[in-house]
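Note sheet for the following structure.
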Amino acid sequence: MVMISVEEARARILEAFSPLPTEVVAIDQALGRVLATPVTARTTQPPKAVSAMDGYAVKAVDVAQVPVRLRVVGAAPAGGDHEGILQSGEAVRIFTGGPLPRGADAIVIQEDTDSGEDSEGSWVEVRVTVPEGHYVRPAGLDFSAGDRGPAAGQRLGVRDIGLAAAMDQPWLTVHRKPRVAILATGDEVVMPGEPRGPNQIVSSNGLALQALVRSCGGEALNLGIAEDNRDSLLRLAAGAQGADLLVTTGGASVGEHDLIRSVLGEDGLELNFWKIAMRPGKPLLFGQLRETPLLGLPGNPVSSLVCGLIFLRPILARLQGLDSDERTVTARLGKALPANDKRQDYLRTRLTEEADGSLIALPFNRQDSSMMATLAQADGLLIRAPFAPAVEPGELVSVLPLAETWSGL
Ligand SMILES: Nc1nc2c(c(=O)[nH]1)N[C@H]1C(S)=C(S)[C@@H](COP(=O)(O)OP(=O)(O)OC[C@H]3O[C@@H](n4cnc5c(N)ncnc54)[C@H](O)[C@@H]3O)O[C@H]1N2
Ligand code: MOO
């Protein structure tokens, strides 16, 4: 089978997915979910003109000449009201959020007043002039009933939850969370903390992919680790039934122990492609295992996770009705790089910012796809097209920043 390009692989993969059906969730469960129906305001905020400060509601014309003493004829706390209509020479004690009494058109903050009592009741002496509308929040200052809030296709952040709540929307319509079954493979890998034989290593891929799925808004079901034999692989892979996607890691390459294609092939796997012109990630495979799409990631931990970022993350975005584009930045190369071969490279790189705001990319010297520590330290992945010519320090390169792309929820 020929190696296809990263772009073609991504296009073929994304073609197989469309946004999942919607469901209605309580707003307190909606953080990180992707809206399927736009939020519109069911109320006007504030519903009527209110004070923005603690002080006195007045007529601006009454305080045109100061100091001036006004008669305090009532109070308007937040949630309360002053029934009467303010007349010339009168003020109403008012608090932040209190409704502006009819007849009043400005607020004087209490720091600019003196107040007291006399035989006729309370008075306030205003020491400053204020224009009409001073510290008044008009009705609908924030939004009016029918206004648009968070839009469909938007992942709900903390601010969106606040706005949707203010818009009086206790229920939100979102896309169902993608359900992703994850299956690691290999006789040599065991879960962290479990006893290991002398030739065994710790399995990190399943947990890393699980974290990636969750950070992208999906639900991850960890099917465990299949041994390198037919029975074990089939038994554990069967657990993917009902998932929107099965992701395997390991066993994708050409060795006799690389069983994903051969065993699952006998079990109904229809292969869409195997092998892509990408480093890390060459043996990536994609197909359909009966009802469930299957993304077969390579076993090398960096290959598995970088392919997760480049292929799995866009699938999760598409399933949730999100745009799957990723944003690259341009940086100046901090060292020379040789000409590239036929595979598109994703080099783990440091990114530093210069005083003028420009970025310098310094790829790690060793890019072995087993080295998770350098992936964890990398600020970005420097993308080099197949057959890119040798480049000198200072030349411009394209980098996928990891912190932004992989920020988690
Ligand atoms: N003769 C060839 N050999 C290899 C080729 C090739 O084209 N010809 N491709 C290489 C490339 S590139 C990759 S990538 C790997 C991927 O192979 P597999 O997907 O079959 O992965 P495994 O052989 O199962 O494992 C590779 C490596 O990763 C370790 N591993 C596996 N699973 C885990 C896990 N869950 N957690 C941590 N580490 C894991 C495993 O022990 C191996 O060291 O094949 C090359 N070989
Ligand atoms: O593609 Mo492999 O992922 O180079 O190690």
Side-chain angles (χ1 to χ4, degrees), residues 1-6 9-10 180-194 196-213 220-230 232-233 236-237 246-265 269 271 273-287 294-312 340-348 363-364 366-376 378 381-384 386:
M1 246 185 228
V2 290
M3 292 199 289
I4 62 170
S5 71
V6 172
R10 191 145 50 179
V180 181
I182 296 167
L183 179 60
T185 63
D187 288 341
E188 78 284 22
V189 290
V190 294
M191 288 300 280
E194 288 188 359
R196 284 190 298 284
N199 299 317
Q200 289 187 306
I201 60 162
V202 176
S203 172
S204 57
N205 295 0
L207 288 166
L209 290 167
Q210 203 173 348
L212 174 64
V213 167
L221 172 67
N222 200 331
L223 300 178
I225 302 170
E227 293 161 21
D228 287 328
N229 63 66
R230 187 173 184 279
S232 175
L233 185 55
L236 293 191
L246 168 61
V247 175
T248 60
T249 161
S253 190
V254 293
E256 295 84 292
H257 303 287
D258 296 334
L259 299 177
I260 295 290
R261 264 177 324 124
S262 54
V263 169
L264 297 182
L269 172 66
L271 206 57
F273 66 79
W274 175 50
K275 286 195 181 175
I276 57 172
M278 173 169 171
R279 180 173 30 242
K282 179 169 68 166
L284 184 89
L285 65 87
F286 180 64
L294 177 137
L295 182 67
L297 303 177
N300 278 315
V302 176
S303 315
S304 159
L305 214 37
V306 169
C307 287
L309 179 63
I310 303 299
F311 301 102
L312 175 54
N340 195 15
D341 64 7
K342 61 187 173 189
R343 289 161 78 185
Q344 177 147 307
D345 261 334
Y346 289 81
L347 304 175
R348 282 150 274 168
F364 289 93
R366 286 201 75 162
Q367 293 283 336
D368 189 286
S369 59
S370 65
M371 294 164 66
M372 281 300 274
T374 48
L375 181 61
L381 296 171
L382 191 162
I383 305 173
R384 296 198 76 206

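For reference, positions follow the sequence shown, starting with 1. Counting convention: from 1, in listed order, for ligands and their atoms alike. It should be emphasised that the depicted structure is a prediction, and the values quoted were computed from it without experimental measurement.
- Protein heavy atom nearest atom 3 (O) of ligand 2, with residue, atom name and distance: Ser303 OG, 2.3 Å.
- Using a 4.0 Å cutoff on heavy atoms, Val189 counts as a contact of ligand 1.
- Contacts between Arg343 and ligand 2, counted as non-hydrogen atom pairs separated by less than 4.0 Å, involve the side chain only.
- For ligand 1, the atoms closer than 4.0 angstrom to any heavy atom of Ile201 are 38 (N), 41 (O).
- Taking every heavy atom of Ser303 and a limit of under 4.0 angstrom, the matching atoms of ligand 1 come to 14 (S).
- The closest approach between a heavy atom of Gly186 and any atom of ligand 1 is not below 4.0 Å.
- Of the heavy atoms in Pro280, both backbone and side-chain atoms come closer than 4.0 Å to ligand 2.
- For ligand 2, the polar-atom distance check finds no N/O of Arg279 at less than 3.5 Å from any of the ligand's N/O atoms.
- Among all protein heavy atoms, the one lying closest to atom 5 (O) of ligand 2 is Ser369 OG, 2.4 Å.
- Each of the following atoms of ligand 1 lies closer than 4.0 Å to a heavy atom of Lys282: 6 (C), 7 (O), 9 (N).
- The shortest heavy-atom distance from Pro280 to ligand 1 is not under 4.0 Å.
- Across Val302, Thr185, Asn199, Asn205, heavy-atom proximity to atom 34 (C) of ligand 1 is greatest for Asn205.
- Residue contact check: Ala252 has heavy atoms under 4.0 Å from atoms 18 (P), 19 (O), 20 (O) of ligand 1.
- Under a 4.0 angstrom heavy-atom cut-off, Gly251 registers as being in contact with ligand 1.
- Inclusion of Pro283 in the set of residues having an N or O under 3.5 Å from an N or O of ligand 2 is not warranted.
- Look at Ile260 and you'll find every heavy atom at least 4.0 Å from all atoms of ligand 1.
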